[in-house]
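Since the structure comes first, as structure tokens, the remarks are kept for the end.
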Amino acid sequence: MYRAPRGTTDILPNDQRYWTYVHSVARDVVSRYGYKRLDTPIFEQTDLFTRGVGEVTDIVEKEMYSFLDRGGDSITLRPEGTASVCRAYLENGMHNLPQPVRLFYTSPTFRYERPQAGRFRQHHQFGVEALGEPDSYIDTEIIDMAWKFMRDLGLQNLRLLINNIGDTECRPHYLDSLRAYYDNQLTVLCKDCNQRFYRNPLRLLDCKQEICSEISLNAPRSVDYLCSGCKYHWDTLIGYLDRIELPYSIEHKLVRGLDYYTRTVFEIQPENAGSQGTILAGGRYDGLIEELQGKATPGIGFATGIERIILALKDQGVSIPEEDPIKFVLTYMGDQAKLEAVHVLSILHEAGINSIMAPSGKSLRAQMRYANNIGVSYVLVLGDEELENGSLVLKDMAGGSQRTIDLRAVVQELSSI
RNA sequence: GUGGACGUGGCCAAGUUAGGUUAAGGCGCCAGGUUGUGGCCCUGGAGAUCGAGGGUUCAAAUCCCUCCGUCCACCCCA
């Protein structure tokens, strides 16, 4: 028997209402903030991601779905959304539009990883990006939008963590002082952290090992090393966030795994979530567009994992609206009635009434049982009697009562139910 | 990629420790009990080569090996 490939899954009809719900809340939020949808291809040339995401990130080094196409070009299934958006921004001359350009996307995303709860090889991200605005008010807007998105979904007990990891001017100094701090403790640090020390010192901060995490408590903080530009950006951001009373907490150990982040980084996670608990994350990436050979253009955005959001919704028991239930099942007895049933259904569908035919070859009893099993509210019955006098029986499944309606008024009668 | 747990009809699941005739049970599905009426109840039915392949044995769901997959933790990330 064939199975879906490892780390992928079917999204079954019963689950679709969650997806519809998340998307509709998302659309609603972004439109309030003036963000427009941008769809980019599901694959790009590999180089876009190695340049954009960073050569030495895990995503690029070991998680990309890359292959040579028949023309010999290296193609990669998108492992994240931001690089593609920046490419599209440049390619379509959006730098000539009034700035900033506010965009959102929702798309499958691919990473070759070992699957785990809340982690898949194909997952779906919804994200927003604001390009061309350096000022921290746009950081505020993005973070505020992220928070309201979570709130509008009905999620509770969320933590909003923010930090500022500096830019190309001040981060080197910070990294120096980080290394200086950790240098004489290397023997105590875990194996992973010894590698991080050389490879990616920022990551020393968020190691989960008890010893390492204890040591990192007293590590230098990035916000103490900010250059004047970053410092101003950070201070004003905090001022704005306070003014709109967002319940953020500053997390000095918050760093992000993608190379392009500068200054503001943030995350939202449910309070008692597991290790894959981050459902939304984002930050500023002021150097990315330039890295992709555009004119230096600031940018900031966030991405959410829809699977993780849905896990959280289920975990918290948030009630999700049912979508488009079938209202009527049409039952019939005999071939003459069947012919008329086909006709009636055609009329109902034309009138926009959700209705389906009972399955063929069943007794009326079985047709009723079917209607009951699929949970429909009303049943229509067409038999010899009804055929003769041009009528239809309408049965209310909840109460069990039924009445006869005139076939000529069927649309009018059923529309009002 | 590393470490651990697990895999029995669509779903839940007994049986696996001490191998032994037709692999429990529940939910769901189908039909009948009501030749024009569902839900409750009763009766019956379909549906599993026990994740896959190999091995040990007179005999394997049960023991051994390999692979695949799921879950948890790590790495990392949405």
Side-chain angles (χ1 to χ4, degrees), chain A residues 1-9 12 14 22 53 56-64 78-82 106-127 146 190-193 195-196 199-200 203 206-209 212 255-258 267-270 273-283 301-312 329 331-334 337 358-359 361-387 393-402:
Chain A
M1 177 131 76
Y2 290 108
R3 301 181 182 210
R6 182 169 211 196
T8 68
T9 184
L12 299 172
N14 271 339
V22 172
V53 178
V56 298
T57 56
D58 274 36
I59 287 184
V60 168
E61 282 188 340
K62 52 183 199 188
E63 294 177 359
M64 293 206 302
R78 58 188 303 176
E80 62 102 45
T82 304
T106 177
S107 159
T109 304
F110 304 85
R111 288 178 200 168
Y112 187 87
E113 298 184 276
R114 184 109 166 232
Q116 201 178 322
R119 191 169 68 191
F120 310 91
R121 290 186 172 181
Q122 175 180 341
H123 70 283
H124 297 77
Q125 292 195 358
F126 161 78
C190 72
K191 182 166 53 77
D192 287 329
C193 278
Q195 300 206 342
R196 292 184 178 114
R199 199 164 168 267
N200 191 351
R203 295 234 80 100
D206 67 350
C207 181
K208 287 170 188 162
Q209 296 287 330
C212 306
V255 296
R256 305 248 71 240
L258 280 48
E267 268 185 27
I268 294 179
Q269 42 188 250
S275 60
Q276 251 59 55
T278 299
I279 56 181
L280 179 152
F302 68 72
T304 66
I306 297 183
E307 283 84 354
R308 288 187 184 176
I309 288 176
I310 291 174
L311 279 176
V329 165
T331 66
Y332 58 90
M333 280 160 293
K362 287 178 183 293
S363 63
L364 183 60
R365 168 185 160 80
Q367 295 180 63
M368 282 292 176
R369 188 147 53 198
Y370 169 80
N372 187 64
N373 286 353
I374 66 168
V376 80
S377 306
Y378 298 91
V379 170
L380 300 165
V381 185
L382 245 180
D384 291 340
E385 250 177 68
E386 290 73 25
L387 273 183
V393 169
L394 169 67
K395 172 163 181 164
D396 177 350
M397 294 295 274
S401 66
Q402 56 187 50

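Chain naming here is simple, since letters A, B, ... match the order of the sequence lines and numbering starts at 1 in each. A quick note: this is a predicted structure, and the numbers were derived from the prediction, not measured.
In this structure, the NZ atom of K62(A) is 14 Å from the P atom of rC74(B), given to the nearest Å. Between the P atom of rC71(B) and the CZ atom of R121(A) lies a distance of 12 Å, rounded to the nearest Å. Remark: P of rG38(B) and CG of L394(A) are 17 Å apart, rounded to the nearest angstrom. Rounded to whole Å, the distance from CG on N372(A) to C1' on rU37(B) is 11 Å. One interatomic measurement links the two molecules: CD of Q367(A) to P of rC29(B), which rounds to 17 Å at whole-angstrom precision. If you measure from atom CZ of R114(A) to atom P of rA78(B), you get 21 Å, rounded to the nearest angstrom. Between the CE atom of M368(A) and the C1' atom of rU34(B) there is a distance of 13 Å, given to the nearest Å. The CZ atom of R119(A) sits 11 Å away from the C1' atom of rC72(B) (whole-angstrom rounding).
Residue N373(A) places at least one side-chain N or O closer than 4.0 Å to OP1 or OP2 of rC30(B). Here R3(A) does not reach the OP1 or OP2 of rG69(B): none of its side-chain N or O atoms lies under 4.0 Å away. Dashed line: the shortest gap from a side-chain N or O of R6(A) to OP1 or OP2 of rU70(B) is under 4.0 Å. Proximity of K208(A) to the phosphate of rC76(B): no side-chain N or O atom is located under 4.0 Å from OP1 or OP2.
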For RNA chain B, the expected dot-bracket line (Watson-Crick or G-U under 3.5 Å, [ ] crossing, | inter-strand) is ((((((((.[[[..)....(....]]].(((((.......))))).....[[[[[..)....]]]]])))))))....
For nucleotides 45-50 of chain B, 5' to 3', base contacts (B), sugar-phosphate-only contacts (S) and non-contacts (-) with protein non-hydrogen atoms under 4.0 Å give ------
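Across all strands shown, E386(A) has heavy atoms under 4.0 Å from base atoms, whether or not it also approaches the sugar-phosphate. Note on E80(A): nothing from the nucleic acid sits closer than 4.0 angstrom, heavy atoms only. Residue contacts shown for A398(A) include a base, since a base heavy atom lies under 4.0 Å away. Heavy atoms of F120(A) sit under 4.0 angstrom from at least one base atom. Here A117(A) lies in heavy-atom contact (under 4.0 Å) with sugar-phosphate atoms only. Contacts of G118(A) with the nucleic acid, taken as non-hydrogen atoms under 4.0 Å apart, include base atoms. Contact annotation for R199(A): no contact, since no heavy-atom pair falls under 4.0 Å across all strands. Contacts of G375(A) with the nucleic acid, taken as non-hydrogen atoms under 4.0 Å apart, are absent. As judged by a 4.0 angstrom heavy-atom cut-off over every strand, R111(A) is placed among the base-contacting residues.
Among the nucleotides rG69(B), rG36(B), rG32(B), the one closest to the side chain of L364(A) is rG36(B). Set against rG1(B), rG39(B), rU37(B), the side chain of Q402(A) has rU37(B) as its closest nucleotide.
Considering CG of L380(A) and CD of Q367(A), their distance stands at 11.5 Å, rounded to 0.5 Å. In this structure, L280(A) CG and Q125(A) CD are separated by 10.0 Å, a value rounded to the nearest 0.5 Å.
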